[in-house]
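Scope of the values below: all heavy atoms of this structure, side chains included, with no hydrogens, waters or symmetry mates.
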Amino acid sequence: MLANSTKRFGQSLTKCFHTSCAQNITRESRDPRFFTLYQHAKSRLLDDQRKSGVLSHKMEVNRVRLHFEMTGDGDHYVILLPGALGSTRTDFSHQLQNFNKTDFTLIAIDPRGYGQSIPPNRDWPLEFLQRDADDAFELIKKLGVEKVSILGWSDGGISGMIAAARYPQMVNKLVVWGSNAYITKKDMDVYNGIKDISNWSEKMRSPFLALYGEKYFREQWQNWVDAFQNYYDSRNGDICIQEVEKIKAKTLIVHGLKDPLVPLEHPDFLHQTIKGSRLYIMPEGKHNLHQKYHREFNFLVEHFLKQ
């Protein structure tokens with residue numbers, strides 16, 4: 001736990017960032033005050049706290065205020081994009097706490113309508129994953145970071161692939177897991193089978209209910225399934241096939257062989273389509289492999305990003 005003085009400093013930092021700092025950050029250049037405040041906040045922490053300290057902020061992006069969290073001292077910037085209705089802490093706690101923070105600076109993002117990026121409530125245009133990609137990289141531009149690597153889980157991996165295709169000059173490396181470029185009828189049968197959260201186990205439901213409450217989560221999860229049905233009906237199941245074909249960043253695809261939501265067909269397609277990509281299979285991994293096997297996952301990803 002941080003000392004009370006450190007907490008008060010963090011609150012002052014957040015207040016400053018939300019007002020004058022956020023108003024003066026431009027797309028063309030990094031606002032030195034933001035990074036000065038970021039470094040100052042970390043300098044107030046003890047050594048053991050600095051290793052785990054995570055600073056939380058909001059910034060206006062594309063007419064919404066996106067919440068994001070930053071940690072680490074490295075020159076290699078890495079953005080983390082969560083899965084469906086996920087957030088920085090529910091999806092990436094093991095990465096924010098345990099990832100190499102000497103070589104890397106992590107920026108974990110709550111997409112609009114997710115986590116602490118509420119309001120607004122989530123809405124679901126046809127190409128909502130494309131919009132999430134654009135939001136994330138508008139945030140990166142406003143922070144003045146010129147080049148990043150992407151870690152994307154599930155829906156976040158899809159948005160990460162779209163971003164890598166749309167902003168090739170800004171993307172260093174790409175890591176995706178539990179992601180797919182298209183959906184099949186069999187996929188939609190699986191999604192519709194989990195549409196009613198009453199049929200979920202308590203362990204699966206509880207993190208989302210704690211974050212959103214039952215009403216918001218129940219409605220938005222149903223909306224998520226309907227949004228993928230829209231991709232299936234309106235685009236013949238094509239989410240981002242053309243974008244995947246354009247990816248030039250060095251790419252690592254990680255897949256859990258026991259993933260109940262994403263069959264092996266999908267990572268195989270990504271591996272065949274993204275030139276020079278690598279595919280790493282975790283035989284016991286499921287959809288949340290980066291959580292259950294976070295030590296193996298973090299080591300694998302850190303090694304890939306350093307190469």
Side-chain angles (χ1 to χ4, degrees), residues 14 52-59 64-72 78-99 101 106-124 128-129 132-133 135-136 139 150-160 175-179 191 194-225 227-228 254 256 259-262 282 285-298 301:
T14 302
S52 61
V54 179
L55 296 180
S56 176
H57 312 285
K58 282 189 176 182
M59 181 179 289
V64 298
R65 289 178 62 78
L66 287 189
H67 171 256
F68 64 100
E69 295 188 303
M70 289 184 64
T71 184
V78 182
I79 64 170
L80 290 78
L81 304 176
L85 279 108
S87 68
T88 60
R89 293 300 178 91
T90 59
D91 287 16
F92 295 122
S93 60
H94 291 295
Q95 285 67 52
L96 291 171
Q97 293 170 10
N98 302 315
F99 212 76
K101 300 185 183 184
L106 305 185
I107 306 173
I109 300 173
D110 287 350
R112 62 172 71 197
Y114 286 7
Q116 295 186 53
S117 292
I118 303 173
N121 288 351
R122 182 72 172 190
D123 62 345
W124 304 91
F128 69 94
L129 292 167
D132 286 346
D135 283 350
L139 174 63
I150 301 172
L151 270 61
W153 177 34
S154 194
D155 280 13
I158 299 174
S159 291
V175 182
V176 298
W177 64 104
S179 303
Y191 299 164
I194 58 172
K195 188 173 184 178
D196 185 355
I197 64 170
S198 299
N199 298 326
W200 292 23
S201 68
E202 183 61 28
K203 183 179 180 180
M204 288 179 60
R205 281 197 307 262
S206 59
F208 294 105
L209 296 182
L211 182 61
Y212 296 115
E214 182 172 351
K215 183 176 185 296
Y216 187 86
F217 177 57
R218 181 180 294 277
E219 291 177 354
Q220 293 293 12
W221 187 259
Q222 292 172 348
N223 291 341
W224 176 83
V225 175
F228 269 90
V254 186
D259 189 329
L261 298 178
V262 182
M282 289 188 177
K286 296 183 180 179
H287 198 59
N288 64 340
L289 57 85
H290 67 299
Q291 297 172 334
K292 186 171 184 180
Y293 301 105
H294 59 90
R295 291 182 180 86
E296 178 182 358
F297 176 85
N298 286 359
V301 172

Is there a donor-acceptor pair closer than 3.5 Å between any side-chain N or O of E69 and the backbone N or O of D110? no
Starting from the C-alpha separation in whole Å, work towards a yes-or-no answer on side chain to side chain contact (heavy atoms under 4.5 Å, CB included) for F228 and D155. CA-CA 11 Å; F228 269 90; D155 280 13; 3.5 Å; yes
Could you tell me the separation between the NZ atom of K286 and the NZ atom of K292, rounded to the nearest 0.5 Å? 5.5 Å
Y216 versus I118: any side-chain heavy-atom pair under 4.5 Å? yes
Heavy-atom distance under 4.5 Å between the side chains of H294 and Q95, does that happen here? yes
May I ask you to check whether over 12 heavy atoms, not counting those of K195, lie within 6.0 Å of atom NZ? yes
Measure from the side-chain N and O atoms of R122 to the backbone N and O of R112, and report whether any donor-acceptor pair falls under 3.5 Å. yes
Counting only N and O atoms by type, is there a donor-acceptor contact under 3.5 Å from the side chain of K101 to the main-chain atoms of L96? yes
Using modelled atom types only, decide if a donor and an acceptor are shared between the side chain of D259 and the backbone of V262 within a distance under 3.5 Å. yes
Test item: S159 side-chain N/O and G157 main-chain N/O as donor-acceptor pair under 3.5 Å: no
Determine, stepwise, if the pair V54 / R89 fulfils side chain to side chain contact (heavy atoms under 4.5 Å, CB included). CA-CA 10 Å; V54 179; R89 293 300 178 91; 3.5 Å; yes
Here the gap from W153 atom CH2 to F297 atom CZ, rounded to the nearest 0.5 Å, amounts to 10.5 Å
Indicate yes or no for a side-chain donor-acceptor contact from S154 to the backbone of S179 under 3.5 Å, with no hydrogens or angles considered. no
So which atom in W221 and which in A84 form the shortest heavy-atom distance, rounded to 0.1 Å? CZ3-CB, 3.8 Å
Can you tell me if W200 uses its side chain to pair, donor with acceptor, with the backbone of I194 under 3.5 Å? yes
So among Q220, Q222, E214, which one has a side chain to side chain donor-acceptor pair (under 3.5 Å) with R218? E214
How many angstroms lie between CZ in F99 and CG in L151, if you round to the nearest 0.5 Å? 5.5 Å
Between N121 and D123, does a side chain to side chain contact (heavy atoms under 4.5 Å, CB included) hold up when you go through it step by step? CA-CA 6 Å; N121 288 351; D123 62 345; over 6 Å; no
Between atom CG of L81 and atom CG of D91, what is the distance when rounded to the nearest 0.5 Å? 10.5 Å
Is a donor on one side and an acceptor on the other found under 3.5 Å between the side chain of S206 and the backbone of E202? yes
Passing candidate, side chain to side chain donor-acceptor pair (under 3.5 Å) with H67, options S87, S56, S117: S56
Rounded to the nearest 0.5 Å, how far does CG of D135 lie from CG of L66? 5.5 Å
Do T90 and P82 come close enough that some side-chain heavy atom pair is under 4.5 Å? no
Rounded to the nearest 0.5 Å, the CG atom of L85 sits from the CG atom of N223 at a distance of 9.0 Å
According to the interplanar angle, ranging from 0 to 90°, do the rings of F217 and Y212 count as parallel (below 30°), tilted (30 to 60°) or perpendicular (above 60°)? parallel
